[in-house]
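In what follows, a structure is listed as structure tokens, so that the remarks can point back to it.
The chains referred to below are lettered A, B, ... by the order of the sequence lines, with proteins before strands, and numbering in each begins at 1. Worth knowing before you read on, the calculation uses all heavy atoms, side chains too, and leaves out hydrogens, waters and symmetry mates.
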Amino acid sequence: MRRRDFLRTAAVFVSGASVSLSALEFLDPGKVLAAHPQLRWAFLVDTHKCVGCGFCVKACKIENDIPLDANVTRTWVERYVIKKNGETVMDCPKGALDGYTSKLLDQGKSGKVLVPDKEVAQAFFVPKLCNHCELPACVQVCPVGATYQTADGAVLVDRQWCIGCGYCIMGCPYGVRFFHPVERVADKCTFCYHRISKGGNTACAQACPFGARRIGNLRDPDDPVAKTVLNQRVGVLRDEYGTKPHVFYLGLNKEVR
Amino acid sequence: MVEQAAQMIVHGEAWTIKDLFVLPNEYVYWSIQIVMYPYMTGLVAGAFVLSSLYHVFGVDRLREIARYALVFSFALLPVAMMPLLLHLQQPLRGTHVLMTPHFTSAISAFGIVFMTYACIVGAEIWFVYRKFIVDSVVRLEAQQARKGLDGLLLLIYRGLTLGVRDVSPEALDSDHKAVRFLAGLGIPVACFLHGYAGFIFGSVKANALWMTPLMPVIFICSAVVSGIALCIVSYAIFMEIRKWAARHGKHWLLPDALAHGKHAVDAEHLRGVQQHEVTMTARYLLIFMTLAITLELLDIIFRGYTAVKSWDILRDVIYEHDFTKIFILQYGVGNLLPFAILLLPGLTVRRAALASLFVLFGVFMMRWNVVIGGQAFSLTFDGFMHYHLPVIPHDLETFKEGLMGALLVIATPFVIFYFLNMIVPAFMEDKDAH
Ligand code: SF4
Ligand code: SF4
């Protein structure tokens, strides 16, 4: 090959390669969304409306393939009974899968206790789920990046990549994570990402007969959830951990753990 | 998915008993293997630090036990990885940590730190034993009729020379320098390896018992303590075995006798060496023990004094639920008792070994109280979880994360050591070795 020919071929090759490389550059949807942040999922729980029926828990388990009889759950409902002497008794048998139908409070190994009606100052229910934190501890501690945050604020687990070390379970200050008994990887509430990203509702919010649970977009000023979070006195759980949780509660009080 | 006939047991349910108000997903997820993990890494790091005391600081009286500690530390190395793999729900994906390390996580760099450390220890052993390896090749090659095992040994030694057969004084001198350098480098890396294990716990902000910046330092000190103690105990035991073997001519237990002829090992001489080394090492053990206890007590006192929100439940765990495990087993049997045994005048090898056994137990209890104790209370601060170690396994999970799995982890380094010792005799007394 003559020298000039070689140079020409080389030039063609190099320019061709650079064109194809730039054509191959991926459009990262995450970056696109981050540049136009029109979406930030958030959840609103109105504790005043919750009656502890557990429909949400059942709906969630069926929708997300968590075996009904397994003692783990993506969402659960806690019961608080505050006595007139200030003492608080709480329980959450099976995550309230079957709803609260008995006045007996399940205290695990200590058995069941009954608080007589006349001693009760107030009693209420508090639904819980993953807070899809702004600064999620679970994402921080995952050694392989299997737990990750999407640009619209949801925190998800990659079932194909999770090694099952359980560090995220230890790291989450809300106890929302567990090992899926069939998949054997870390699992938790996804805000029903497969539904909401297609414009649907979460299974739990849909199942709640009293409208105690709602999903919404914080960035949309007309969104009812965003409006409530902005205009009313809402609280979040355990903000002392600095994770900036995104499940907001109406009617939260200091006894709630 | 529909309801199944049999109750589906989720991970952790088999050994967790919940009391009072505990969240539905809370279990003791990190069980016995996660107790074993810092315990084994601690032993690796501690044994190495002991060997470096001689190589770097020239504590000449530790010469023999130092070489032994180095080889033993190498035998312990692969075992530090084992509990992690036994603990993973997806052990086959363990390599993902190396493929996509997510560096905000304290676990992610473990593979890297661990391998760096393994390379350092491996290289140091190679330099220490290079002359021996070359000598062995020469000796075996000179043999006329080689038996099967000798042929294999020759093959191994040939590979181990890495093609370098130069044993001139200059070459040995540079070996010497390399050993010193590696031993010096190894100390910070060993401390890092183990301080790092402490950081894995200390940085979990969700766990009120774990979260303290003291955790890595406490882990390092107790690591050195346990490493030294293990070396004393195992050195004493192996020396007994060697004395017995020397008397009865059981040469398959004495690789150096195989190499240098049986006059190389004589029972009386062995006794003298052992007494000297063990009592000397015991002194270092005492120093590091004092340091470890001081830090641990500081931690408890500080928590009690500052008494933040979580102190209510921590106090219940420390002073009531785990009182026996912490104050009697860990501090009493594991610290005070060996302290007394070691300080009484006229220390003998047997007594030092006994005290070291207690120390080993004490450090194990410390790991237990941190790992299991940290999961003994609920995130609600209003409930407790009791851990019941599965003793008799009835499925893979209760085997892996039960007593059997733990025993497997404990037994493995001794098996590895047996074979390693055949190739690089840990008890070889070589006057001009390093
Ligand atoms: S609630 Fe827990 S699991 Fe959910 S995002 Fe926050 S830290 Fe992660
Ligand atoms: S269990 Fe899975 S998702 Fe959780 S930290 Fe480990 S690898 Fe990440």
Let me know if [X] has heavy atoms under 4.5 Å from chain A in its side chain, its backbone, both or neither.
X: B:V204; result: side chain
X: B:L98; result: neither
X: B:E397; result: side chain
X: B:S203; result: side chain

Pick from [options] with the largest number of heavy-atom pairs that fall under 4.5 Å of chain B:
options: A:E240, A:R74, A:K188, A:E78; result: A:E78
options: A:L105, A:D106, A:V141, A:V89; result: A:V141
options: A:G108, A:G164, A:P143; result: A:P143

Just say parallel, tilted or perpendicular for the rings of A:W161 and B:H96, cut-offs at 30° and 60°. parallel
Please name the pair of heavy atoms, one in [X] and one in [Y], separated by the smallest distance, quoted to 0.1 Å.
X: A:C165; Y: B:W30; answer: O-NE1, 3.1 Å
X: B:N25; Y: A:V72; answer: OD1-CA, 3.3 Å
X: A:N71; Y: B:V10; answer: N-CG1, 4.0 Å
X: A:P173; Y: B:A206; answer: CA-CB, 3.6 Å
X: A:S110; Y: B:L20; answer: OG-CD2, 3.8 Å
X: A:V144; Y: B:T100; answer: O-OG1, 3.1 Å

Please tell me if the side chains of [X] and [Y] come closer than 4.5 Å, counting only heavy atoms from C-beta onward.
X: B:L23; Y: A:Y174; result: no
X: B:R93; Y: A:V185; result: yes
X: B:K205; Y: A:T243; result: yes
X: A:R257; Y: B:D382; result: yes
X: B:F21; Y: A:T88; result: no
X: A:M170; Y: B:W210; result: yes
X: A:R238; Y: B:L379; result: yes
X: B:Q90; Y: A:R184; result: yes

More than 12 heavy atoms of other groups within 6.0 Å of [X] [atom1]:
X: A:Y249; atom1: OH; value: yes
X: A:K244; atom1: NZ; value: no
X: B:F103; atom1: CZ; value: yes
X: B:F192; atom1: CZ; value: no

Residue part contacting chain B, namely of [X], when any heavy atom lies under 4.5 Å:
X: A:E183; answer: backbone
X: A:I169; answer: side chain
X: A:Y148; answer: neither

Kindly compute the distance separating CE (B:M211) from OH (A:Y241), expressed to the nearest 0.5 Å. 8.5 Å
Separation between OG (B:S108) and OH (A:Y167), nearest 0.5 Å, reads 9.5 Å
Worked verdict on B:E26 versus A:R177 for salt bridge (Lys or Arg N to Asp or Glu O under 4.0 Å): CA-CA 8 Å; B:E26 281 187 295; A:R177 289 181 163 250; over 6 Å; no
Could you give me the CA-CA distance, side-chain angles and deciding distance for B:Y29 and A:F178, then say whether side-chain contact (heavy atoms from CB on, under 4.5 Å) is met? CA-CA 9 Å; B:Y29 285 103; A:F178 55 90; 3.3 Å; yes
Under the salt bridge (charged side-chain N to carboxylate O under 4.0 Å, His left out) definition, can you give me all pairs with a residue in residues 129-143 of chain A, not counting sequence neighbours? A:R40-A:E134
When you measure from the side chain of B:H11 to the backbone of A:F179, do you find a donor-acceptor pair of N or O atoms at a distance under 3.5 Å? no
Walk me through it: do B:H386 and A:K109 pass the test side-chain contact (heavy atoms from CB on, under 4.5 Å)? CA-CA 10 Å; B:H386 303 283; A:K109 196 169 138 239; 3.8 Å; yes
